[in-house]
There are 2 protein chains.
Amino acid sequence: MVTLEDVAKHAGVSLATASRVLNGSTRQVGAPLRAKVEMAAEQLGYRANVAAQTLARGAGNVIGLVVHDLVDPYFAAIADGAMRVAESRGLMVMVGTTHRDPEREIAYVSTLNAQRVRAVLLTGSRLDDVQVTRRLRQELDRYRESGGQVACVGQDLLGADTVAPGNAEGAAELARALAGLGHRRFAVLAGPAGLVTARDRTTGFRGALAALGLPEPRIVHGTFDRDGGYAAAAGLAEAGKEITCVFAVNDVMAMGALAAFRDRGVRVPQDVSVAGFDDIATLRDLVPSLSTVRLPLADMGARAMELALDPAERVRIERVAGEVVIRESTRRLE
Amino acid sequence: MVTLEDVAKHAGVSLATASRVLNGSTRQVGAPLRAKVEMAAEQLGYRANVAAQTLARGAGNVIGLVVHDLVDPYFAAIADGAMRVAESRGLMVMVGTTHRDPEREIAYVSTLNAQRVRAVLLTGSRLDDVQVTRRLRQELDRYRESGGQVACVGQDLLGADTVAPGNAEGAAELARALAGLGHRRFAVLAGPAGLVTARDRTTGFRGALAALGLPEPRIVHGTFDRDGGYAAAAGLAEAGKEITCVFAVNDVMAMGALAAFRDRGVRVPQDVSVAGFDDIATLRDLVPSLSTVRLPLADMGARAMELALDPAERVRIERVAGEVVIRESTRRLE
DNA sequence: GCAGACTTGGAAATCGTTTTCCTGGAGGTC
DNA sequence: GACCTCCAGGAAAACGATTTCCAAGTCTGC
C-alpha cells in the first residue's frame, strides 16, 4: 500500500508539499517540485486514502441515497436522476434499500451518519405512523447536528428540503379527466392503508369525484406493487360489473390490474378502463398503453440531489405537478 | 460532533475501554464500566466515525458496485441481489453507473480503490476493446495489490471471480427450440457490434442454426436498449417478409421490437415470432408474453457478491445456465 | 500463603491525510 | 540600502478511531 509519505520520500519533498500537489489545495507549489511529485505518484501508483482524507478534512464526498426497492422502476428512475447530479459533481453515492421496512430506513440514516456522508436523500413514501416518523426525524436531527444535509423525494413530513409530487392534485385532475370521458362509477386500487403516497392519491381522486357530484368510488386496498394491483383487480372482476373505470394508484399496480383483467377475459378498455400514476418509462410499451399521471421522476431525483448539495437557510419545499396523460387504456363512454 | 473521547470522558473511563465497549473487540470489559459507557454513548448520541475506523482498522465495510445503467431492469435486478447479500452482512454498497462509458468504469475502479472499499463488483458486458480491457485490468490489479477483492457478473475477461451467464449456450438452445417450432428463416437483432454479451448471444444463436443446417439469419445491429430493438425491428418490417422469427439479444430490445411491429400492423406471433433473452421480471406482463431465456439475475448478483466477500486462492468462474421459456410471442409454424 | 496464569483497565503509538504555523528568501517601495 | 510584504516549503499538530503493550488485580492450585 503506497502512501503519501512514500511519494513524498520518493520525490524528496515534504509530506505537506506532496499533499498540496496531489490533492487540490489553495496553496501553490513551484513547478519543479510539482513535477517531481507527480512523477513519483505516477511511478508508485499512488491512490489517496479517502478514509484518511475524510478524517482530516472532516467531510467526505459521498452521498447517501435511501430507496425502498431498486427493482421498482419508480425508484430506479429517481435514483438515476439523483446519481447523475452526484456524478457531475464528482461525488459517490451509497445506496441503501429498505424493502419498505421503516426500521431499516432509520438504521440506514444512522449508518450513513456514521459514514459522515455529506448528504442523505430519502426517497419514497412515508408511512402514516407517528412513532416511526418521530424516530426517523430524531435520527435525522442527530445527523443534521453533525453537519449533514437532508433532502427528500416525497412527502414533506421530515422538516427537510423536499421535492413533493402533487399526488392529490394529480389524482384529482385525473379524476376530472376520466369523468370528462363519461365515467361515473369508479374503483380505486388504493394500495396499503398506511402509505401516505397511496392515501394522498386516493383522497385526491375521491375529493375530485365528490366535487363533481359523482358517487363514491369503490376502494380496494392491497400492496403497492404489481401483485397488489393484480390481486385487487382480480377481486374486483369477480364482484360487481357496474364499475367502468379503475384507478390504480401507481403504474406498476395498473400493470398488475391489466394482467388480472386479461386473465379473466375482461377487455381493457372496452369492458373497463384502467388508469395509473407515475408514467413509468419501462411501461410505455404496455398494451393497451396506460393512461396515467406523468411525474418527471429523474428530474425529481436530480432536483432533490441539488437541494441537498446546495443548502439554504430555509427549508425548501418544491412542488412538482403531475401531468395527466390519456392513452388507450381508458375509453370514452358514449 | 460527539467523539469517542467525549463518551469516554463522560463515562469516566479511558478511550480504550470506550472503544472496546462500543465497537466490537475481542477484549472483555467489566459489566459496570460497560454499562457506564453505554449510558454515556446513548445520552450523548454518539455515532462512530467510520472514516476514522476505516483508517485505524485498515479496511472499511463498504462494497463498490459498478453497473451500466440502473434504470435498465437487468442491472436493477442484479444490483438488488447483490445488495441483499451485502445488507445481510452489514455492509454498505456504493454504486456507480457508467452509462456504458468504459472510461467511467475505469474511473470508478480508481475511485473505489481510493475509498478502500472491501470489494468491487463489476457487472455487465465488456466491450470488445483490447485497449480498454487492458487498462481496466491494470486498474483492477492495482486495486487487488492493495488488498481489494474483485468479482464480475458477465464475461470472464478480467482474471477475477466471475459469475458468467451461458450466453452462447442459452442462445443456442433457444435457436433449437425455435427451430423445433418449425421456424427456418430468422433475424437477429444483435445489438452493438462491440458488445461481448450481444456478440456471444448472436454467435451462439447462429452456431446452433448452422449446426441444424438452417440458413444464415439476417443480422441487424443497433443499440442494446429498447429503442435499439425498435429501430432494428422497424428496419426489418420495411424490408423482407420472408422472416418468420426474430431473436432480440435481450428482453428490453424485444420489447422495442414488439412495439415496432405493433406500430406497423405486423402481428406477433401470427405474422412474425419474437424472442428475447434475460426474462426480465418487470416485462412478464407484456402482451404477447415474451419467449426468452431465463437468467436468475438476482441470484447472479447475490452469488457474485458472495464470491467477492469470501475470497479464495484460485480464481473461480461460475457458469450460470439460461433456461429457455417459450411463451406466446413465438408460435408454432405448421 | 504464594507462584503463576488470567483478566481488566489505561497510556500511548498508529493509521494516512490535511492544515496551521513557522522560517527563510525574493521582490517591491521609499 | 533598510524595511515590509509575499510566497514557497517544511515541521508538526490535528482528525477519531483501534490496538499494542504494560501494570495492577483476581483467581487457581498446591
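Every heavy atom of this structure was used, including side-chain atoms; hydrogens, water molecules and symmetry mates were not. In this text the structure is predicted, and so the values were computed from the model without any measurement.
Atom CG of B:Asn61 and atom C1' of D:dT18 are 14 Å apart (whole Å). One interatomic measurement links the two molecules: CG of A:Leu15 to P of D:dA11, which rounds to 10 Å at whole-angstrom precision. Look at CE on B:Met1: it is 12 Å from C1' on D:dC15, rounded to the nearest Å. Taking atom CZ of residue B:Arg20 and atom P of nucleotide D:dA17, one finds them 15 Å apart after rounding to whole Å. Note: CG (B:Leu4) to P (D:dA14) measures 18 Å, nearest angstrom.
Protein chain A contacts DNA chain C from C:dG16 to C:dC21, reading 5' to 3' and using non-hydrogen atoms of the protein with a distance under 4.0 Å.
Heavy-atom contacts from other residues, nucleotides or ligands closer than 6.0 Å to CE of A:Met1 number more than 12.
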Please tabulate, for the side chains in residues 300-309 of chain B, all donor-acceptor contacts under 3.5 angstrom to protein atoms that are two or more places apart in sequence or on a different chain.
from: B:Arg303; atom 1: NE; to: B:Glu318; atom 2: OE1; distance (Å): 2.8
from: B:Arg303; atom 1: NE; to: B:Glu318; atom 2: OE2; distance (Å): 3.3
from: B:Arg303; atom 1: NH1; to: B:Glu306; atom 2: OE1; distance (Å): 2.7
from: B:Arg303; atom 1: NH2; to: B:Glu318; atom 2: OE2; distance (Å): 2.9

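Ionic pairing of A:Asp161 and A:Arg314 is not present here: no N-O contact between side-chain nitrogen and carboxylate oxygen is shorter than 4.0 angstrom. A:Arg100 and A:Glu105 are not joined by a salt bridge, as no carboxylate oxygen comes within less than 4.0 angstrom of a charged side-chain nitrogen.
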Does B:Gln138 form a side chain to side chain donor-acceptor pair (under 3.5 Å) with B:Arg134? I'd like the steps, not just the answer. CA-CA 6 Å; B:Gln138 210 169 293; B:Arg134 196 181 52 73; 3.1 Å; yes
Worked verdict on B:Gln155 versus B:Thr162 for side chain to side chain donor-acceptor pair (under 3.5 Å): CA-CA 7 Å; B:Gln155 291 87 35; B:Thr162 300; over 6 Å; no
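The base of D:dG16 lies outside donor-acceptor range of the side chain of A:Arg116, with no N or O pair under 3.5 Å.
Each of A:Glu5 and B:Pro32 has a nearest nucleotide on DNA chain C; the 5'-most of these lies closest to B:Pro32. The nearest heavy atom of DNA chain C to A:Val2 and to A:Arg27 marks one nucleotide each, and the one closer to the 5' end goes with A:Val2.
Base engagement by A:Ser19 is indicated by at least one non-hydrogen atom pair under 4.0 Å involving a base atom. Among the heavy atoms of the strands lying under 4.0 Å from B:Gly30 are primed sugar atoms or P, OP1, OP2 only; no base atom is included.
Considering only side-chain N and O atoms, A:Ser14 lies under 4.0 angstrom from the phosphate OP1 or OP2 of D:dG10.
Counting only heavy atoms from C-beta outward, the side chains of B:Val132 and B:Arg126 never approach each other to under 4.5 Å. Inter-residue side-chain proximity for B:Thr123 and B:Val66 is flagged as unmet; no heavy-atom pair is nearer than 4.5 Å. Counting heavy atoms from C-beta outward, B:Gln115 and B:Val62 have side chains that stay 4.5 Å or more apart.
Of the residues in residues 46-56 of chain B, those placing a heavy atom less than 4.0 Å from an atom of DNA chain C are B:Leu55, B:Ala56, in numerical order.
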